[in-house]
*Asks:* 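Sharing a structure below in C-alpha cells format, with a few things to ask.
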Amino acid sequence: MGKYDFTEIEKKWQAYWQENGTFIQPNPDDVDFADRPKYYILDMFPYPSGAGLHVGHPEGYTATDIVARHKRMKGFNVLHPMGYDSFGLPAEQYAVEHGVHPRETTAANIANIERQIKMFGFSYDWSRRVATTEPDYYRWTQWIFLKMFNSWYDPDADAARPIEELIDKLFSGALAVDAGGNVVPVAPYDRIPNISLEGVAYGQVKFQKLALDQQRRLIDEYRLAYMAEVPVNWCPKLGTVLSNEEVTNEGKSDRGDWPVYRKNLKQWMLRITSYSDRLLEGLDELDWPESIKIMQRNWIGRSEGADVDFVVDGSTGVSPVPEQEVIRVYTTRPDTLFGATYMVLAPEHPLVEQITTDEQRDAVDGYVKEAAHKSELERTTETKQKSGVFTGAYAINPVNDEKIPIWVADYVMMGYGTGAIMAVPAHDERDFEFAKAFSLPMRAVVMPDMTWIQQKRPKPMPKPEWDRDPENWIKNYISKPETYSIAFTGEGTAVNSDRYDRLTTAEFKKQVTEWLEENGLGRAAVNYKLRDWLFSRQRYWGEPFPIVHCEKCGTVALDEDQLPLELPEMDDFTPSASDDPDAPPAPPLAKATDWINTTCPSCGSPAKREINTMPQWAGSCWYYLRFLDPKNEKIFCDSDVEKYWMKPPSEESAIRNPQSAIGGIDLYVGGAEHAVLHLLYSRFWHKVLYDLGYVSGPEPFGKLFNQGMIRSYAYRDKRGVCVGYEDVDTSGDKPVHKTTGEVLSESIEKMSKSLKNVVNPDEVIGEYGADTFRLYEMFMGPLEASKPWNTRDVPGVHRFLHRVWRMICGNEETQSLLTDKVGDEKVERALHKLIKKAGEDIKAMKFNTAIAAMMEFVNVVFKAGAISKTQAERFVPVLAPFAPHLAEELWQRLGHDKSLAYEPWPEYNESLLVEDTAELAVQVNGKMRGLITVPADAAEDAIIEAALAEPKVAAAVEGKTIVKKIVVPGRLMNLVVK
RNA sequence: GCCGAAGUGGCGGAAUUGGCAGACGCGCAGGAUUCAAAAUCCUGUGUCCGUUCAGGACGUGAGGGUUCGAGUCCCUCCUUCGGCACCA
C-alpha cells in the first residue's frame, strides 16, 4: 500500500482544496448560501515582514484552523479569513535605504508569507483576502476617518452623533458658547473653570454672534477626529514623531539612536477619551481572559476624586481670565486637604509663566527649559532624586485659608489630571520624598492603624523613653510625620482636620466634596489615564488623510466619492532630517508638490493636502469588518451581511448559545502583545461605527483567546556570545560547542536573530510535513502557556502519524489493521471515549490533551490488533481538524470520493462510556493501601467488605477500630482507623 | 514599587467539584529485527531504602494551616515570566 508520503499527500490535498474552493464560505446574499448557524473565527492578521513567518504565527493559526474545521463538521457556516496588515515602517525604511518602492517590498513580502501560510493547509477562505495597503481597502479606512471627522460626542446621548447635530444645536440656541476667551460651549467635559468662583458668572455668547472662523474652530474642536497642539516625541534627525515605545530609556530613537525631544506639534487626534467609560463597562460583557481585561482597565485608569480650586495669593480671584488666578488640582484624596503644605505645577503648566516672581524667574525658566529636553521616559526613569524649583508665589488652601508655596517640579505630569497638584507629603510617597528633599513641612491628617504605627515608627523615637507608651506613638505621628521614613498612604481616621476630625476617609471625602461644591470651590471629578489617540505620523507608507487645508475654509474633508485618496508616486521617501530640534517637521509627502497642491472641495480656491499619514494601527482597527464583504464597492460592508456574521443574538438564542451573548466575532486568537493598543483601538472604532448605525453590536470581539509565546533554547559560550544550533551538540549531558568542545550555557529565550535561536517553519515542514508541524505545536502544551520549542520532540508526533498510516493503510513491511469483521468491543469503547474527549477539548481549546487522547486510542487499536472500517471512518474525522492532509488521504482510501471537510462530526454513545465494574483505590488514614475491583453499582457495605479482604488493607487495619468510612463512588474509599 | 500569570520526573507536559500524582510524548536503558545502521517493534523508566521476588519511606518552589483526604482551598515567603510605572 505504500508508505506515508506526506510531501505528496500535502501537495495533493492543498491543490484539491484550492481547485474545489472547498473553504469558500458564501454570504447570505450569495446564491449558494445555506442558512445555518454561523461561526466567525479570526486570527490577528500578520504584518508581512521580510523575515517571513516564525513558528509563533502558525501556533495561533493552527488552533483557529482546528476549531474552524471542527465547526464545519458540526454544521456551522464558518467564516475564517486571512489578510495582511501591510502598512508600516520597515517597508518604508527599506525603501529609504534601497530605493525600492514600499509597494514592491510589501508585495514581495506578502507573496512570501502567503506561500508559507499555505504550506500549513489552513482552511482559510482565500477569496476574502485583504491587505490594508490596497487602495480598495484603505479607501474605507479613510471613509471611517471621515465619519469620525464628521462626528462629535454628544454627552446627552452618550454617543457619537453627526457633527450637523452639534451645529444645529448651536444655531438653535440649545447650546451656547462661554466667554472665556476660548471657544468652549457649555459642555460638561471641559476643564476651564467657568463656575469656579462665586460672583464670576461668565456671560454666554450666542453662537451666531461669533465670527465665522471662530465658529469653524469651535466646531473643529468638537470633532472625534481633531487637530491639536500636543507634546510629542520629536526626533528631528528622523524627521518624525515617535511613539513612547520607539524611544529608548536614554531618550534616544530606537532606530538610529538619535536624540528625541519633547515638542508641541499640531497633530491629528482621535477622541477615544470620550469612550473611556463605555470601553471600561463593555469589558464586563466580554468572554476574554481576565488578565487582558485587567490590563485594559488599568490602561483606561479610571479614578474618582475631586477637582479643587486654589486661588493664587494676591490675586482677587475675580478676573475675566480666571484660569490665570486659580489653580485647579485633581485629587483622589480630598480628605487630605488639610495636609496640603505646598502645591506643584508641571513645568509645562500655562500658569508657571504667569505666577513666577521676578526673583525666581531665572531659576524657573532654566528648570522648565531643562525639563522640555527630557523625554517622558527620562523623566519617569529618574525616580531616585526629585527635582523642582520654587516659583515665589503662594496659593490659598480653600479649606483653611492657609498660604502655601507653589513649586514647579517634573514629577507632576501635564498630561494627567490638571497638570497641578496639591502636595500632601504626609500621605503621598512622592510628595513625601519631595518634601524631604526640599525640607518642606508636613502635616499628618490621616491616623494610621496601630499595626502600621508599631511597624513603621521611627526607632528610636525622638525621645527614647516615649517608646514605652503607645499613646506617645500616636502623639508623635500626629505632630511629626516627617520623622517616619515613609508616608502613610492608606485609609484611616481624620486628625488635624478641624471640623472633620475623627471621620473615616470615605465619609470625609463625601462631606468635604459636598462642602466644596456648595461653596463653588470644587466638585466631584473622575479622571482617566487614557489619553486621546495621537493619530498622525510623518511617514510615507501609511493611509493619507482625506483632508485639505484651505486658507479660507480651514480644515476641509474630501467628499466620500473622492476616495480613495491614493498615495502619490515618489522615488525619495526620506523625511527631511535636521540637527535642529526646532526645525519644523517635513514629512516625505511634503516633497510630492504636485499631489499636495489641490483645490479646496468647499470653495474651489487653491489649497494644500494634509501631508501626515495615519499610524499603522488604523488599518487593523476594522479589518474584521472588511472580511465580511471584501469586494463591496458601495460600502465598507453590507449591513445585512454584517448582521448575519456579527449581530448579537436575541435573548432567546443567547440562552441557547451563551458563549456569544454580546455578538461580534465568535473567537479571536492572537498574541497578548496586542492586549491593550490594537484591542482597545478596534473596540473604539467599532463603538463609533455602532453609534453611527453602521454595525449592529457594541463590541467587535465577543471571545478572545491569547496564545502563549513560543520561545526556544539559546546557547552562549563563556564570553556570552550566542551560538547557533548548527554548532551545538546536545547529545551529551551538557550542550557543547561542536568544534571547540566548550560547554555552553543554555537558557530559554524569545526567538531572535541576535540570539541565534530562531526556528524556521519551512525547514521543519520540509523534513516532517505540515501535519506533523501542526500536531507538534498543538501537542507542546496548553495554547495559552508560553513554552519552549524543542526540535528533538518533533519526531514523536511524526511517529504517531506514521502509526495512524500503518493502522489504516499498512506499508511495505506491515499489514494494515483494517478488518472487515465487526469491530473489537474495547476499540469501540475507546473510540466513543475519544470522540467525546476530542470534541470537548477542541471546544475548550485544549488541543494537547485531545492529541494525547488520539494517541491513546491508536495504542488501544494496536493492542487489539484490528480496527473495523466503520471504526476507522469515525476515527479519521476526529483526526481531520488536526492533521487534515493525512485525514483526507485516509478518507479517500477508505472509499470516499469527496473531501471530508463537511462530513458530520461522529457521534458518541454515553452508555458505552459507563463501565460495569469500577476500580477503587483503597486508602487507610489517607494512605493508598490497595486497589479493588467492584461492580459499578456495588453498595457501600459490599465495597468495604471487599476492601477489608485485601491483605494489605487488612494488615493496616489490624488491631485498630474503624472510626469513619468514606466512599467516593467510582473513585476511592478511605478508612479512618484508630 | 503596583497589577497579572506561573512554579509538578532528566525534558515538554497530564490530573471534573479537593479523591489512585506523573496520562500522552520526548529522552534514556535493555531486548527483537538487521551483515550493520537508520527506521520499526517490545519491555522498563519519579527519588531513596531494601539482596532478588517482595515490601517500605519520601515526593507537585519553601514554610505553616484547613480536611478522613491537598498539586488543587487559606495564610506567609521565594523564584521566573508578562504588563504598567512619579497617574496625584
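All chains are named by letter (A, B, ...) in the order of the sequence lines, taking the proteins before the strands, and each is independently numbered beginning at 1. What you are looking at is a predicted structure, and each value in this text was computed from that prediction instead of being measured.
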*Asks:* Do any side-chain nitrogens or oxygens of A:Asn706 fall under 4.0 Å of OP1 or OP2 in B:A5?
*Replies:* no

*Asks:* Strictly below 4.0 Å, N to O, side chains only: are A:Asp309 and A:Arg328 in salt-bridge contact?
*Replies:* yes

*Asks:* In this structure, how many angstroms lie between the P atom of B:G25 and the NE2 atom of A:His798, rounded?
*Replies:* 16 Å

*Asks:* Could you classify B:G9 for me, syn or anti, using a glycosidic angle within 90° of 0 as syn?
*Replies:* syn

*Asks:* Tell me if the aromatic rings of A:Trp288 and A:Phe705 count as close, with their centers under 6.0 Å from one another.
*Replies:* no

*Asks:* So if I take every side-chain heavy atom of A:Lys386 and compare against B:C24, B:C41, B:C86, which nucleotide ends up nearest?
*Replies:* B:C86

*Asks:* For A:Lys293, look at atom NZ and say whether over 12 heavy atoms of other residues, nucleotides or ligands are found less than 6.0 Å away.
*Replies:* yes

*Asks:* Give one of base, sugar-phosphate or nothing for A:Asp431, where a contact means two heavy atoms less than 4.0 Å apart.
*Replies:* nothing

*Asks:* Within this structure, what is the CG-to-C1' distance between A:Leu972 and B:G18, rounded to whole angstrom?
*Replies:* 11 Å

*Asks:* Between B:G83, B:C86, B:C68, which nucleotide has the shortest distance from any of its atoms to the side chain of A:Met295?
*Replies:* B:G83

*Asks:* For a 4.5 angstrom cut-off between non-hydrogen side-chain atoms, does A:Phe338 reach A:Asn397?
*Replies:* no

*Asks:* Do A:Lys386 and A:Phe434 form a cation-pi contact, if we require the NZ or CZ to be under 6.0 Å from the six-membered ring centre and within 45 degrees of the ring's axis?
*Replies:* no

*Asks:* Take A:Ile808 and A:Leu817, measure what side chain to side chain contact (heavy atoms under 4.5 Å, CB included) needs, and give me the verdict at the end.
*Replies:* CA-CA 6 Å; A:Ile808 292 171; A:Leu817 302 185; over 6 Å; no

*Asks:* With nearest nucleotide decided by heavy atoms, which residue, A:Val794 or A:Leu920, maps closer to the 5′ end of RNA chain B?
*Replies:* A:Leu920

*Asks:* Measure from the side chain of A:Arg806, starting at C-beta and using heavy atoms only, and say which of B:U40, B:G19, B:A88 lies closest.
*Replies:* B:U40

*Asks:* Among A:Tyr713, A:Phe773, A:Tyr725, which residue satisfies the ring-ring contact (aromatic ring centres under 6.0 Å, His included) criterion with A:Trp789?
*Replies:* A:Phe773

*Asks:* Going 5' to 3' through nucleotides 8-14 of chain B, assign each nucleotide B (protein heavy atom under 4.0 Å from a base atom), S (under 4.0 Å only from sugar-phosphate atoms) or - (no protein heavy atom that close).
*Replies:* ---SBSS

*Asks:* Which residue lies toward the 5' end of RNA chain B, A:Met422 or A:Gly796, if each is placed at its nearest nucleotide?
*Replies:* A:Gly796

*Asks:* Of all the base pairs, Watson-Crick or G-U under 3.5 Å, which form stems of three or more consecutive pairs involving RNA chain B?
*Replies:* B:1-7 with B:78-84, B:10-12 with B:24-26, B:27-32 with B:40-45, B:46-49 with B:55-58, B:61-65 with B:73-77

*Asks:* How long is the line joining NZ of A:Lys3 and P of B:A38, in whole Å?
*Replies:* 18 Å

*Asks:* Under 4.0 angstrom, heavy atoms only, what part of the nucleic acid is A:Arg302 near: base, sugar-phosphate, or nothing?
*Replies:* nothing

*Asks:* Taking the side chain of A:Arg792 as its heavy atoms from C-beta onward, which of B:G4, B:C26, B:G25 lies nearest to it?
*Replies:* B:C26

*Asks:* State whether the number of non-hydrogen atoms from other residues, nucleotides or ligands found under 6.0 Å of A:Lys833 atom NZ is greater than 12.
*Replies:* no

*Asks:* Could you tell me whether A:Asn974 contacts a base, only the sugar-phosphate backbone, or nothing, with contacts defined as non-hydrogen atoms closer than 4.0 Å?
*Replies:* base

*Asks:* Kindly indicate whether the side chain of A:Phe800, heavy atoms from C-beta on, has any atom under 4.5 Å from the side chain of A:Met854.
*Replies:* yes

*Asks:* Check this for me: A:Glu304, atom CD, are more than 12 non-hydrogen atoms of other residues, nucleotides or ligands nearer than 6.0 Å?
*Replies:* no

*Asks:* Mark yes or no for a side-chain to base donor-acceptor pair under 3.5 Å between A:Lys965 and B:C68, with no hydrogen or angle criteria applied.
*Replies:* no

*Asks:* From CG of A:Asn925 over to C1' of B:U67, roughly how many Å is that when rounded to an integer?
*Replies:* 13 Å

*Asks:* Under 4.0 Å between a side-chain N/O of A:Arg803 and OP1 or OP2 of B:C41, yes or no?
*Replies:* yes

*Asks:* Would one find a side-chain N or O of A:Ser303 under 4.0 angstrom from OP1 or OP2 of B:A88?
*Replies:* yes

*Asks:* Whether A:Arg803 engages the ring of A:Phe862 as a cation-pi pair (distance to the six-membered ring centre under 6.0 angstrom, angle to the ring normal within 45°) should be assessed.
*Replies:* yes

*Asks:* Quick one: which of B:A21, B:C58, B:A23 gets closest to the side chain of A:Gln923?
*Replies:* B:A21

*Asks:* Rounded to whole angstroms, how far apart are CZ on A:Arg297 and P on B:C2?
*Replies:* 21 Å

*Asks:* Using the side-chain heavy atoms of A:Arg929, tell me which of these nucleotides is nearest: B:C20, B:A57, B:A88.
*Replies:* B:A57

*Asks:* Whole-Å distance between B:U43 C1' and A:Lys863 NZ?
*Replies:* 11 Å

*Asks:* Between A:Phe6 and A:His798, does the ring centre distance come in under 6.0 Å?
*Replies:* yes

*Asks:* Counting just side-chain N and O atoms, does A:Tyr416 come under 4.0 Å of either OP1 or OP2 of B:A88?
*Replies:* yes

*Asks:* Could you work out which one of B:A88, B:C41, B:C86 sits closest to the side chain of A:Thr332?
*Replies:* B:A88

*Asks:* What's the closest nucleotide to the side chain of A:Arg711 if the choices are B:C86, B:C81, B:G19?
*Replies:* B:C81

*Asks:* What's the NZ-P distance between A:Lys837 and B:C24, to the nearest Å?
*Replies:* 13 Å

*Asks:* Looking at the side chain of A:Glu856, which of B:C41, B:C24, B:G19 is the nearest nucleotide?
*Replies:* B:C24

*Asks:* What's the closest nucleotide to the side chain of A:Ile294 if the choices are B:A88, B:C3, B:C20?
*Replies:* B:C3

